[in-house]
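Written below as structure tokens is the structure these notes are about.
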Amino acid sequence: MPVLLLMSMCLFAGIVLTSFKTETVRTNQVADTVRQSLIADMSKLKQQSQLLAVTLELLMQEQASLEQAQEAFYQVKQAYKKVEYMAEYLDPELAKRINGAPLPKVLVEEVNYQTLHFQKPSVRTFPPEGLQVLEELVFAEEVEPVIAKEAIVLAHGLQDAVSLLSGSLYQQPLSDKQILESLREQLVRVVAMGITGFDAPAAGCELAHVALALQPVLHAAQLYDSSLSGKAKTYSSKAVEQLQQAVLYLQQHPAFDTFDRLYFTRELADLAYAALTALQQELLPTAASVHKPVNDHASSLFSADFLQAAYFAKQDRREQKPELIELGKVLFFDPVLSANNERSCASCHVPSKAFTDGQARSIAFDFKGTVQRNSPTLLNSVFSNAYFWDSRAIYLQDQVPDVVVKSDELHGNYEEVVLKLQQSSEYRKLFKRAFSSQADNGLSTNTINRAIAAYVQSLVALNSPFDRYMRRETEQLGASAKRGYNLFMGKAACGTCHFAPTFNGTVPPRYLESETEVLGVTASADFAHPTLDEDLGRAGVIPADAWKHSFKTPTVRNAALTAPYMHNGAFAVLAEVVDFYDAGGGAGLGLDVPNQTLPDSPLNLTEGEKQDLIAFMESLTDTATVYAAPERLPQFPKKAGLNDRLIGGRY
């Protein structure tokens, strides 16, 4: 009897387990259809990449024309655009091999920026590859045999990368989460990169390719719409409607220079993004996670919470406690961190000047000359994965020690700073309160750095007139600023390096890396007699030829308040900055800049267009939040002789 009972229980358990297993692997019709379409499109890309390689070989043998080679390239590019949304989502590194920027890849091994003074890093540089490099070759003014040979090698490399991607897709099941996230990422990619011509360096057809890139997004949205009901269908229907209009608008307005990017983004693409965000939250409700930069709950690229500042923190990857921010604020304005008790962080980062100081180069410690570079704004600086002009630090928290101990800045010593702060009962209480949830809540190098970083992290200013207009909170935005945005994201090519919505070098759609650029910045604004600024930039930290004179791409938000400009403060007004770019950077001015990443051809902007560009940058000014200094600084025992120090220091 016990044996029969045991057998019966096992049989019942088997039936139950089998039923649960069947439910778990039940086919998702939408995901399966999307996957089959993707595989078919991937097969087409594979065929076209093979055809391109063959055509280039025939061109080399004079058995095919240059026009045929260019047409074969177009076919590959168009085929890639149909799979871009999922290729970039599933394997972004492999996607870079297929359609990455035409720049050398520098691989740095065994390096910690804090030990660079005594540890030589190992550096390897790889030549650029992929469609964008091929495009520059195939559409060159003259395709000589040496160029054709290089193109053939690149085409075979492209073919290999496509084969790898194709093979991995056959093994890759797709889920609703993957599909919906990839669709939303593609919309960000289109708005922040596609319509700027970011990946079309020579061949044109930028907007036609953007329309192709949105086709699979529309197709997937239509599949969801046909299978849903209730509130989810409301969102999917809205997404379909907006995407259809977006694709149609692109097809009807193919001229790059006159395309209305402001209308396309605000009235079409951003509303499609909002609908897809709502659809994902309806189908797969999740809490917002700070373990990724993009907030899955944000309904617009220009929402104040689209990017999550907490993600970019090092130890404190969470919303910061008000007590921690307040402690950081006090430390930021307190000259007690410096060796002479007269200089603070706020000496070079003044709130009224958008946390810059108005100097070409900041005054050095004890007024002994100046520091090496211009003081950049701290507003929105948190939205980055690289700090300092040479990008040597990865986190805000790692930036603080360099400033505190540097001899021409605060010239401090952490052991002495900690001993000084410990003398103040007020400071001891502030630290204990700020780190109350942690066992190690005392004064230390680590807690000082974390507090200051938390304050800088809080300096988010995303409520400019332009932001409010894009969020549809107002219909007020000047006509000149509107034209300027279209120029910035189009003809003037600013948006290909200063990416929306931060308008800095942090790369969409995932915002996981921050770029540096070689611009050939001149030593002064005398463009009639230009000389190259000698600062090596990033190459001064990592000795790679590709990084000589390479500097972090800063935000242009609040640019109206942050003159003078560039790493050396060479340009006094925005008009000079625009003139420099209009000329094609240093190389365009005739200087020898071997690795300039900025195209050296002139933009041919009219005076009116230059004024419109400046008007747009001025519309990014956010003065809605007042970043006031603390009313008082913590007191010390009288014998310490520290209570006469000025808030913000004497500089």
Side-chain angles (χ1 to χ4, degrees), residues 29-38 40-41 44 77-89 174 176 178-197 205-256 258-283 298-302 470-472 486 489-490 500 508-509:
Q29 191 62 48
V30 172
D32 186 58
T33 304
V34 169
R35 183 173 180 274
Q36 292 306 316
S37 296
L38 183 64
D41 289 335
K44 179 73 177 296
K77 185 72 173 280
Q78 291 167 9
Y80 179 72
K81 284 297 171 180
K82 297 293 289 290
V83 304
E84 180 183 58
Y85 76 107
M86 194 59 74
E88 293 268 6
Y89 178 82
L174 292 180
D176 286 326
Q178 291 172 315
I179 294 170
L180 290 167
E181 285 187 349
S182 68
L183 302 185
R184 291 170 56 242
E185 280 190 2
Q186 185 69 342
L187 274 170
V188 175
R189 186 177 294 109
V190 160
V191 167
M193 303 174 89
I195 59 176
T196 70
C205 298
E206 301 92 340
L207 301 180
H209 289 151
V210 173
L212 283 172
L214 284 182
Q215 289 285 4
V217 180
L218 172 58
H219 176 60
Q222 289 170 327
L223 290 173
Y224 279 111
D225 194 46
S226 65
S227 65
L228 296 173
S229 60
K231 189 180 289 186
K233 185 173 180 63
T234 301
Y235 299 138
S236 63
S237 296
K238 180 64 174 176
V240 168
E241 176 190 354
Q242 293 298 132
L243 287 164
Q244 285 175 329
Q245 291 184 39
V247 171
L248 182 62
Y249 191 80
L250 287 159
Q251 292 169 340
Q252 291 177 339
H253 302 83
F256 185 81
T258 58
F259 183 73
D260 192 341
R261 290 162 177 81
L262 191 72
Y263 174 83
F264 174 82
T265 299
R266 185 180 190 253
E267 307 299 337
L268 303 174
D270 208 37
L271 294 180
Y273 184 84
L276 287 174
T277 298
L279 175 61
Q280 182 170 342
Q281 291 307 313
E282 181 66 21
L283 295 178
S299 59
S300 168
L301 274 70
F302 298 94
M470 296 304 286
R471 294 195 294 256
R472 312 176 77 81
N486 281 324
M489 299 293 282

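- In this structure, the side chain of Arg471 engages the main chain of Phe302 through a donor-acceptor pair within 3.5 Å.
- Looking at every heavy atom in both residues, Val30 comes nearest to Ser227 through CG2-OG, 3.5 Å.
- By the 6.0 Å contact criterion, NZ on Lys44 is open, its count of non-hydrogen atoms from other residues, nucleotides or ligands being 12 or less.
- Summarising the geometry of Ala500 relative to Pro508, their closest heavy-atom pair is O-CG, 4.1 Å, with the distance given to 0.1 Å.
- Between Arg472 and Leu271, some side-chain heavy-atom pair lies under the 4.5 Å cut-off.
- Side chains of Leu180 and Leu279 form a contact here, defined as non-hydrogen atoms less than 4.5 Å apart.
- Between the side chain of Gln242 and the backbone N or O of Glu267, at least one donor-acceptor pair lies under 3.5 Å.
- Counting heavy atoms from C-beta on, the side chains of Met470 and Thr265 come closer than 4.5 Å.
- With sequence neighbours excluded, the residues satisfying side-chain contact (heavy atoms from CB on, under 4.5 Å) with Lys82 are Asp41, Leu212, Gln215, Pro216.
- Considering all non-hydrogen atoms of both residues, Leu218 and Val240 come closest at CD1-O, 3.8 Å.
- One finds the CE atom of Met489 at 10.5 Å from the CZ atom of Phe264 (value rounded to the nearest 0.5 Å).
- Gln280 CD to Ser236 OG: the interatomic distance, rounded to the nearest 0.5 Å, is 13.5 Å.
- Contact check for Phe259 versus Asn486: no side-chain heavy atoms found under the 4.5 Å cut-off.
- Remark: Gln222 CD to Leu243 CG distance equals 8.5 Å, nearest 0.5 Å.
- A salt bridge links Lys81 with Glu84: the distance from a Lys NZ or Arg NE/NH1/NH2 to an Asp or Glu carboxylate oxygen falls below 4.0 Å.
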> Step by step, would you call Tyr89 with Gln178 a side-chain hydrogen bond (donor to acceptor under 3.5 Å, both in side chains)?
Replying inline: CA-CA 8 Å; Tyr89 178 82; Gln178 291 172 315; 5.5 Å; no
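- For the pair Asp225 (side chain) and Ser237 (backbone), a donor-acceptor distance under 3.5 Å is present.
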>> Determine whether Glu88 and Arg189 satisfy the following criterion, side-chain contact (heavy atoms from CB on, under 4.5 Å), listing intermediate values before the conclusion.
In response: CA-CA 10 Å; Glu88 293 268 6; Arg189 186 177 294 109; 3.1 Å; yes
>> Go through it in stages, so that I can follow the logic: the residues are Met86 and Ile179, the test is side-chain contact (heavy atoms from CB on, under 4.5 Å), and I'd like the CA-CA distance, side-chain angles, deciding distance and then a yes or no.
In response: CA-CA 8 Å; Met86 194 59 74; Ile179 294 170; 4.3 Å; yes
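- Closest non-hydrogen pair, Val217 versus Gln186, comes out as CG2-CG, 3.7 Å.
- Here the shortest heavy-atom pairing between Val34 and Ala220 reads CG2-CB, 4.1 Å.
- With sequence neighbours left out, Arg35 forms a side-chain contact (heavy atoms from CB on, under 4.5 Å) with Ile39, Leu174.
- Contact annotation: the side chain of Leu187 approaches that of Leu214 to within less than 4.5 Å [non-hydrogen atoms, C-beta and beyond].
- Residues forming a ring-ring contact (aromatic ring centres under 6.0 Å, His included) with Phe256 (at least two apart in sequence, or on another chain): none.
- Tyr235 and Ala275 make their closest contact through O-CB, 3.6 Å (heavy atoms, listed as atom of the first residue, atom of the second, distance).
- Residues Leu283 and Leu228 form a side-chain contact, since some pair of their non-hydrogen atoms from C-beta on lies under 4.5 Å apart.
- In this structure, NE2 on His253 lies 12.5 Å from CZ on Arg261, to the nearest 0.5 angstrom.
- Taking CG of Leu301 as the start and CZ of Arg184 as the end, the distance is 10.0 Å to the nearest 0.5 Å.
- Distance CG/Asp260 to CZ/Arg266: 11.5 Å, rounded to 0.5 Å.
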